[in-house]
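The model shown is predicted, which means the values in this text are computed figures rather than measured ones. Side-chain atoms are counted along with the backbone in the values below, which use heavy atoms only and exclude waters and symmetry mates. Each chain gets a letter, A, B and so on, in the order its sequence line appears, and its residues count up from 1.
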Amino acid sequence: MTHAVETVGLHKSFGTLEVLRGIDIAVEPGEVVCVIGRSGSGKSTLLRCVNMLEEPTAGKVFVGGVELTDPDVDIDAARQRIGMVFQSFNLFANLNVLGNLTIAQRKVLGRDRAEAEEVAKRNLEKVGLGDKIYAHPSQLSGGQAQRAAIARALAMDPELMLFDEPTSALDPELVGDVLGVMRQLAQEGMTMLVVTHEMQFAREVADRVLFMDAGVIIEDGPSAEVIGNPRQERTRTFLARILDPTHHGPTDA
Amino acid sequence: MAMSKRQRARVIRGGQYGILVLAAVLFALTANWGRLRRAFLDIEVARGMFPEVITVALKNTVVYTALGFGFGLALGLVIALMRLSSVGPYRWLARGYIEFFRGLPALLVILAVGTGVPLAFPGTILNRYVALMVALGIVGAAYMAEVIRAGIQAVPRGQVEAARSLGMSPTKAMLWIVIPQAFKIILPPLTNDLILLTKDSSLALFLGSSITQQELTQFGRQALNQSRSLTPVLVAGLCYLIITIPLSLLSLRLERRYGGGVTTRGAGP
């Protein structure tokens, strides 16, 4: 069986800074995998390597059995099947919500306007933004903007969804709406790779959790085990800080 | 007695106003108003310029400027994209173009196009409108390319990343996402370029023309020769302001609406 995502010996350096130092992961179709770890541990870079927004320095990336690191691959065609959600939403500022959802459908998938708008509206209903079709991105709250961004990715009918800290830029009271949409997506069987600091979400929704530190994967296992009963010292230290930020405890280095 | 900082500022500001008023009063007292009025405000001469100053001269100024601006904008966009290209020779070519034509007086370019093209391609009769469109466009493009480049670079990186992550090619992302946003950012400095080009269109004078092709400066000069009064200069000048002041106000309004623009052009040529 082909993996939904597979990386083999993935390395990425920015100048002399080595951000990824040999990452081997596999995500199966329908699986929800959360990547956790301190900022600077390389988790966002890993995610951005999966759809080649960052070009790996060494190693291979496969998505749905297609090698994206192959220099001859049609990367634009490959990305149509990979939805990506950014921390800063990145809704197109020159288009309203409907335009944001239809532009790639029309210009990339070649759907006609009527079909694209129908797909857009269906996906906006799904994320609870049926009444914001004609709103401009600047008129949306952070939570609404992020849900619109999720709907934009879904409108392309992706096989895989990448989430890069989707709730980190949101006010705390808006986080729930976005996580709710992601939870629903997971229940529908979407394959998801999620970089997040939301431990509750990771514990409840993810099938598997990867803990990253200093450019390598330290721990990889079922979410309840990695979060509930980590085997590695570094995972324990990290989780202690995240789950109880005011008490660093005796494990604090 | 030491003054406080605020007192000192007030005294300095008062001094500045004083100098301004003094200069105005001196000018008003010493200038020969009678002669000035006779030279510049001969109503008969002014009346004689109408309606042609509007129907022919103003119209032609607008037409030449619009043609030059349109051609320059298109050429400027191409050069801006070349300037940002990953292909070295494109970048060098664009840099060379910008440095070359930004450094030349518009007059030389107009003369070069107007007289050079027929020399280079014997037998071609260059339509005056085409010649001016090309010449003004070449000059305008050098300025606009830098403005457009700055505008493109001012579009946040995340916009391109989002577009690429949806499967758009670099070209599609540029065309549908980046350029529309860049143009919104650069509307104020672009309006400024349009104003400068309006004034540069006066250099059409040097290409010679029939009566119906005269723009404001040329028309004013001819009226000047016939009337022995300087009034035509004033009338032509006011006509330029009819075009440029609304544009200037528009530019300010756009700037307020979209925030500070990107400017790469300081003073005019």
Query raised in the report: Between atom CD1 of B:I177 and atom CD1 of A:I103, what is the distance when rounded to the nearest 0.5 Å?
Result: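 Taking CD1 in B:I177 and CD1 in A:I103, the distance rounds to 5.0 Å.
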Listing needed: what donor-acceptor pairs below 3.5 Å join chain A with chain B?
unit_1, atom_1, unit_2, atom_2, d
A:R48, NH1, B:E161, OE1, 2.9
A:R48, NH1, B:E161, OE2, 3.4
A:R48, NH2, B:E161, OE2, 2.6
A:D76, OD1, B:R164, NH2, 3.1
A:N90, ND2, B:G158, O, 3.2
A:L91, O, B:Q159, NE2, 2.8
A:A93, N, B:Q159, OE1, 3.3
A:N94, OD1, B:Q181, NE2, 3.2
A:N94, ND2, B:W176, O, 3.0
A:K107, O, B:K172, NZ, 2.9

**Report entry** Residue A:F92 versus chain B: region with a heavy atom under 4.5 Å
**Finding:**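 Backbone plus side chain of A:F92, per the 4.5 Å heavy-atom cut-off to chain B.
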Query - Per-residue contact mode, A:I82 against chain B (heavy atom under 4.5 angstrom) - result: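 For A:I82, the contact with chain B is made by the backbone alone.
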Query raised in the report: Counting only heavy atoms not in A:F14, do more than 12 sit closer than 6.0 Å to its CZ atom?
Result: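 For A:F14, atom CZ is crowded (more than 12 foreign heavy atoms under 6.0 Å).
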Query raised in the report: Of the listed residues (A:L91, A:L162, A:I75), which shares the most heavy-atom pairs with chain B below a 4.5 Å separation?
Result: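 The option with the most such pairs is A:L91.
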Query raised in the report: Contact part of B:A173 toward chain A, heavy-atom cut-off under 4.5 Å: side chain, backbone, both or neither?
Result: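 No part of it gets close to chain A.
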